[in-house]
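Below is one structure, written out as structure tokens, with a few remarks after it.
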Amino acid sequence: MAGIGKGSVEFEDLLPVIAGKLGGEGLIKELCKGFRLLMDKEKGVITLESLRRNSAMMGLQDLKEEELASMMREGDLDSDGVLSEMEFCVLMFRLSPQLMKDSWFWLQQALHQELNNNVTKS
């Protein structure tokens, strides 16, 4: 994963590697597993507390409090102070520059396949 903001910790971007091995659907399943590891089990969302508590499982134990809070702010699209599963997945894509480039390729592939399926049905 890429770092967040200037002067932040940089992470190796493994999402493209995972996507290459598992495909788009497999990547989404893995992201969902990551979300479940980080989420507050009672609330069903990632809170700053659950991120702090569970971050070591994801190799993020060295992140400072402000870096964790920055991740939360970056991903919190609806400004409710927590990350839903969708917000988490979007954040992971946004933090992966190569994955963002690759996602356009996958979208084109999916559209092409859907178009071919519709043509053969006619």
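Small disclaimer: the values here were computed from a predicted structure and weren't measured.
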Spacing of [atom1] belonging to [X] relative to [atom2] belonging to [Y], to within rounding of 0.5 Å:
X	Y	atom1	atom2	value
Leu27	Cys32	CG	SG	9.5 Å
Leu51	Glu67	CG	CD	11.0 Å
Met72	Ser50	CE	OG	6.5 Å
Phe88	Arg36	CZ	CZ	10.5 Å

Is there a path of hydrophobic side-chain contacts, each under 4.5 Å between heavy atoms of I, L, V, M, F, W or Y residues, that connects Met39 with Ile28?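 Both belong to a single hydrophobic cluster.
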Leu83-Leu68 co-clustered via ILVMFWY side chain contacts under 4.5 Å: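 In one cluster: yes.
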Check this for me: does any side-chain nitrogen of one of Arg73 and Glu66 sit under 4.0 Å from a carboxylate oxygen of the other?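 The answer is yes: the pair qualifies as a salt bridge.
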Glu87 side-chain N/O to Ile46 backbone N/O, donor-acceptor pair under 3.5 Å: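 No; judged by distance alone, with no hydrogens or angles, the pair does not exist.
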Please answer whether the main-chain N or O of Val82 pairs with a side-chain N or O of Thr47 as donor and acceptor at a distance below 3.5 Å.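 No, the answer is negative, given that no donor and acceptor are paired below the 3.5 Å cut-off.
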Can you see which heavy atom on [X] is nearest to which on [Y], and at what distance?
X	Y	answer
Asp76	Ser79	OD1-N, 3.1 Å
Cys89	Leu31	SG-CB, 3.8 Å
Leu37	Lys41	O-NZ, 3.9 Å

Taking the side chain as every heavy atom from C-beta outward, state whether Leu38 and Asn54 have any pair of such atoms under 4.5 Å apart.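 In short, these two side chains touch, coming nearer than 4.5 Å.
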Would a 4.5 Å heavy-atom cut-off, applied to side chains only, mark Leu91 and Glu74 as touching?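 Leu91 reaches Glu74 side chain to side chain.
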For [X], look at atom [atom1] and say whether over 12 heavy atoms of other residues, nucleotides or ligands are found less than 6.0 Å away.
X	atom1	answer
Gln61	CD	yes
Glu65	CD	yes
Lys21	NZ	no

